[in-house]
Amino acid sequence: MAAPLSTALDVYFTGQHADLKGTSFFTKPLRQNPNRKLVIYCNSSKSKSPQKAPPSFEEPGTKNPSLSEQLKPLTTITLSNSTNEQSPLLSKPKSIWVNPTKPKRSVLALQRQKRSSYSYNPQVRDLRRFAHKLNDSDISEGDFLAALNEMPHPPTRENALLILNSLRPWQKTQLFFNWMKTQNLFPMETIFYNVTMKSLRFGRQFQLVEDLAHEMMNDGIEMDNITYSTIITCARKCNVFHKAVEWFERMYKTGLMPDEVTYSAILDVYARLGKVEEVLSLYERGRASGWKPDPITFSVLGKMFGEAGDYDGIRYVLQEMKSLGVQPNLVVYNTLLEAMGKAGKPGFARSLFEEMIESGITPNEKTLTAVVKIYGKSRWARDALELWERMRQNGWPMDFILYNTLLNMCADLGLVEEAERLFEHMKQSEHCRPDSWSYTAMLNIYGSGGNVEKAMAIFEEMPKLGIELNVMGCTCLIQCLGKTKKFDDLVRVFGISVQRGVKPDDRLCGCLLSAVSQCLESWDENKEEFRGMISNTTNEARRPFCNCLIDICRNKNLNEKAHELLYLGTLYGLYPGLHNKTADEWCLDVRSLSVGAALTALEEWMGTLSRIVQREEALPELFSAQTGTGTHKFSQGLANSFASHVKKLAAPFTQSEEKVGCFVATREDLVLWVKSRIPSSAITA
DNA sequence: ATAGGGTTAG
């Protein structure tokens, strides 16, 4: 349990119900699904290893209360049945026993703060026009203040409020607010601060918002739920999460109960901090207080579980909504779809999407972006194309992010013509003109398809339209030029790209190195250099670099060095899944290797197997080698090269008919092959 | 933006 929250509530409970002080948040019932592994959230604060509850808490058969029991309203729950309060996974060590005769204190006000209603103001049009004129003019502070003298109606409380509400950006709101204070026209009330804070939040001015809050405290102006929720969401927007928590605590200290808006705002803050346990205990405390969360809260929870890639959590959100009779709205569906994608559940995302349509909700751009992205990343070409067709037939809304996501989907699926059609459509559209993302996607599509001419045309077109080239687009093109051995173009493109502001990253360097490997004349390396290079390379780039070096050696007929490098790479853990052994089958998985590295690995494997045969040790029934196959044109080269190398070695591997990108051999054939080679230098270098 | 909370791209 993080200190701040418990502090806040301890402070809140202290003095009112001293016997509740120190009550653990984690003595709450958790959820219906007892299999949920909450231990994965243990990194959020100090040690939270699952603890067994003290024996005195145990009562047989009460560990996993049903959901309906858990959801009993507060009024019907007393802590006399408090073994229900123990979660086997979340009980805090040294929990203080709670007085069982008293119900728990509520943690939020069930009634939302009432807002004062505006009375009709016939001068509203004039005043708004006046404010908009001030907004549009780029005037100095002095001129702004002078212009205030020309207000079309006297600055009464209502009129001033109207103007304050219409001013932007925040600098003008602040000027007007300060002017009002100096004019002493009427007492400054909470609402003026709240409106001003909202404008400051829009401008991400947390410090100024906090200054205003201190001013309110000093001047004795009441801070209400609207004030606190504005401060909290402003802190969240400005990424000063600790400040949001700090003000939430302060709210409790002053004895003000958050209502559901403030409460869901702070839930969101904890969610963004990745403090899943805290969010869940707050949620459950709220539920125990009789709160019926609304769709916004479920959206917060859904987003949190999505970020955690937690499918069980997402299901929990759906289940909670169902059992509380809360119908998901568009935003909730969007959030949950996004979350399903992050949790790697395309099938469930698809059903959820269909359920949403069934319920009569029309998807918007964000919905479709989420689903298109999921189908693309999952390589679900049929679903992706069907969805695209439905989008057109139903006239579902499109925006440029959705267009770009569709382009990326085409890149993922290798749909060149569809991408071209979309791209042309974007060019002719008014509001969805191709931007840097769109052009990058096209470079990706043409580059990965090996279409040099079209990729180069895109590259040339970009500066003419003022489209910035980024490192990803550059990498796609460089890779394509390298693979197709257009080294002169590659050098030229690289030079121009750097001039255009591209900063080479690991991936781009990997592609350059790969290209160099195909044309370099001499390369002097040794183990120490290799070690130095690997340790100076970021983790993700290590394997590609090693692959490139092996390719270089093989291209120079330095096979021995290639084997040495593969050995070193394996030693440094760069090829973790290379060998997979079960009792029945040994598998060599070369899918993350370059062609040279894969051939080297095959030779190495054959050598090892030969030695095992010679020593007459046990071998499995089946041998397989996985090269994989992808939409990327160049990735098909691996299977082809592998096939011809197998042929060259006359090794008994054949391409599997059931499994694409897989080569298989039986023990019998393999042993025969080894024995046929043994007298004549069987073991390959 | 008409005093407060939630969702879109390598």
Side-chain angles (χ1 to χ4, degrees), chain A residues 112-118 121 124 127-128 131-132 135 158 161-170 173 189-203 223-234 236-237 244 258-269 271-272 293-304 306 328-339 341 363-373 376-377 397-409 411-412 435-438 440-441 443-444 470-473 475-476 505 507:
Chain A
R112 195 184 284 214
Q113 184 183 315
K114 291 272 189 298
R115 306 160 61 136
S116 54
S117 54
Y118 283 104
N121 187 340
V124 60
L127 291 162
R128 201 166 291 166
H132 288 162
N135 289 344
E158 277 68 30
L161 203 47
L162 247 159
I163 291 175
L164 192 65
N165 256 317
S166 309
L167 282 175
R168 65 190 170 101
W170 61 271
T173 316
E189 298 164 35
T190 305
I191 189 169
F192 291 99
Y193 282 87
N194 290 350
V195 173
T196 306
M197 281 182 177
K198 186 184 173 183
S199 176
L200 291 170
R201 184 187 62 178
F202 207 77
M223 294 171 75
D224 60 15
N225 258 288
I226 298 178
T227 319
Y228 281 107
S229 58
T230 311
I231 297 169
I232 288 167
T233 51
C234 179
R236 193 209 87 167
K237 204 172 175 187
D259 65 10
E260 69 169 335
V261 176
T262 317
Y263 205 71
S264 60
I266 202 69
L267 282 183
D268 190 37
V269 168
R272 306 258 161 176
D294 65 1
I296 294 182
T297 309
F298 290 118
S299 173
V300 168
L301 295 182
K303 167 126 188 172
M304 173 182 79
N329 63 16
L330 178 62
V331 175
V332 171
Y333 273 118
N334 289 354
T335 310
L336 291 176
L337 285 168
E338 183 82 22
N364 70 1
E365 298 88 336
K366 290 177 187 183
T367 323
L368 299 166
T369 297
V371 180
V372 167
K373 188 177 147 193
K377 293 285 164 246
M398 297 275 284
D399 64 4
F400 73 102
I401 293 182
L402 181 50
Y403 265 111
N404 286 342
T405 308
L406 282 164
L407 284 178
N408 283 324
M409 176 200 85
D412 287 330
D435 65 353
S436 172
W437 290 73
S438 329
T440 305
L443 284 173
N444 186 6
N470 60 31
V471 65
M472 184 186 166
T475 305
C476 293
D505 65 1
R507 289 193 200 186

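Chain letters run A, B, ... following the sequence lines, proteins first and then strands; every chain starts at 1. Given the structure is predicted, the values throughout are model-derived calculations rather than measurements.
Tested against A:V195 for a side-chain contact (heavy atoms from CB on, under 4.5 Å), the candidates A:L162, A:N165, A:T190 yield a single pass: A:N165.
Side chains of A:T230 and A:R201: a donor-acceptor N/O pair is absent below 3.5 angstrom, by distance only. No side-chain donor from either of A:N408 and A:T405 sits under 3.5 Å from a side-chain acceptor of the other.
A straight line from CD of A:E365 to P of B:dT8 spans 14 Å, rounded to a whole angstrom. Following rounding to the nearest Å, A:L337 (CG) and B:dA9 (C1') show an atom-to-atom distance of 16 Å. Atom NZ in A:K198 sits roughly 5 Å away from atom P in B:dT2 (whole-Å rounding). Atom NZ in A:K237 sits roughly 12 Å away from atom P in B:dG4 (whole-Å rounding). Across the protein-nucleic acid pair, A:R272 atom CZ and B:dG5 atom C1' stand 11 Å apart, rounded to whole Å. Atom pair A:L267:CG and B:dT7:C1' shows a separation of 17 Å (rounding to whole Å applied). Computed from coordinates, the A:Y403 OH to B:dG10 C1' distance equals 21 Å when rounded to whole Å. The nearest whole Å value for the distance from the CD1 atom in A:I231 to the P atom in B:dG5 is 13 Å.
Residue ring and base: A:W437 counts as stacked with B:dG10 (centre distance below 5.5 Å, interplanar angle below 30°).
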Hey, mind stepping through A:R507 and A:M472 against side-chain contact (heavy atoms from CB on, under 4.5 Å) and telling me if it holds? CA-CA 9 Å; A:R507 289 193 200 186; A:M472 184 186 166; over 6 Å; no
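Within 4.0 Å of A:V124, counting heavy atoms only, lies no atom of the nucleic acid at all. The residue A:T262 sits close to a base: some heavy atom pair falls under 4.0 Å. Using a 4.0 Å heavy-atom distance criterion, A:T440 is classed as a base contact.
Side-chain nitrogen and oxygen atoms of A:K114 include none within less than 4.0 Å of the OP1 or OP2 phosphate oxygen of B:dA3. Using a 4.0 Å cut-off, some side-chain N or O of A:R115 falls inside it from OP1 or OP2 of B:dG4. One finds a side-chain N or O of A:R201 lying less than 4.0 angstrom from the OP1 or OP2 phosphate oxygen of B:dG5. OP1 and OP2 of B:dG5 both lie 4.0 Å or more from every side-chain N or O belonging to A:R236. In this model, the phosphate group of B:dG10 is approached by a side-chain N or O of A:K373 to a distance below 4.0 Å at OP1 or OP2.
Atom CE in A:M197 sits 9.5 Å away from atom OH in A:Y228 (nearest 0.5 Å).
Distances were taken from every side-chain heavy atom of A:L162 (C-beta onward) to each of B:dG6, B:dT2, B:dT7; the shortest belongs to B:dT2. For A:N404, taking side-chain heavy atoms from C-beta onward, the closest of the listed nucleotides B:dT2, B:dG4, B:dA9 is B:dA9.
Side chain A:S229 to base B:dG5: no donor-acceptor pair is found below 3.5 Å. Donor-acceptor pairing under 3.5 Å, judged by distance alone, is present between the side chain of A:D294 and the base of B:dG5. Side-chain N/O atoms of A:N334 and base N/O atoms of B:dT7 include a donor-acceptor pair closer than 3.5 Å. Side-chain N/O atoms of A:N329 and base N/O atoms of B:dG6 include a donor-acceptor pair closer than 3.5 Å. With hydrogens and angles left out, the side chain of A:T230 and the base of B:dG4 share no donor-acceptor pair within 3.5 Å. The base of B:dT7 is not paired with the side chain of A:T335 by any donor and acceptor separated by under 3.5 Å.
When the salt bridge (Lys or Arg N to Asp or Glu O under 4.0 Å) test is applied to A:K377, the partners found at least two apart in sequence or on another chain are A:D412.
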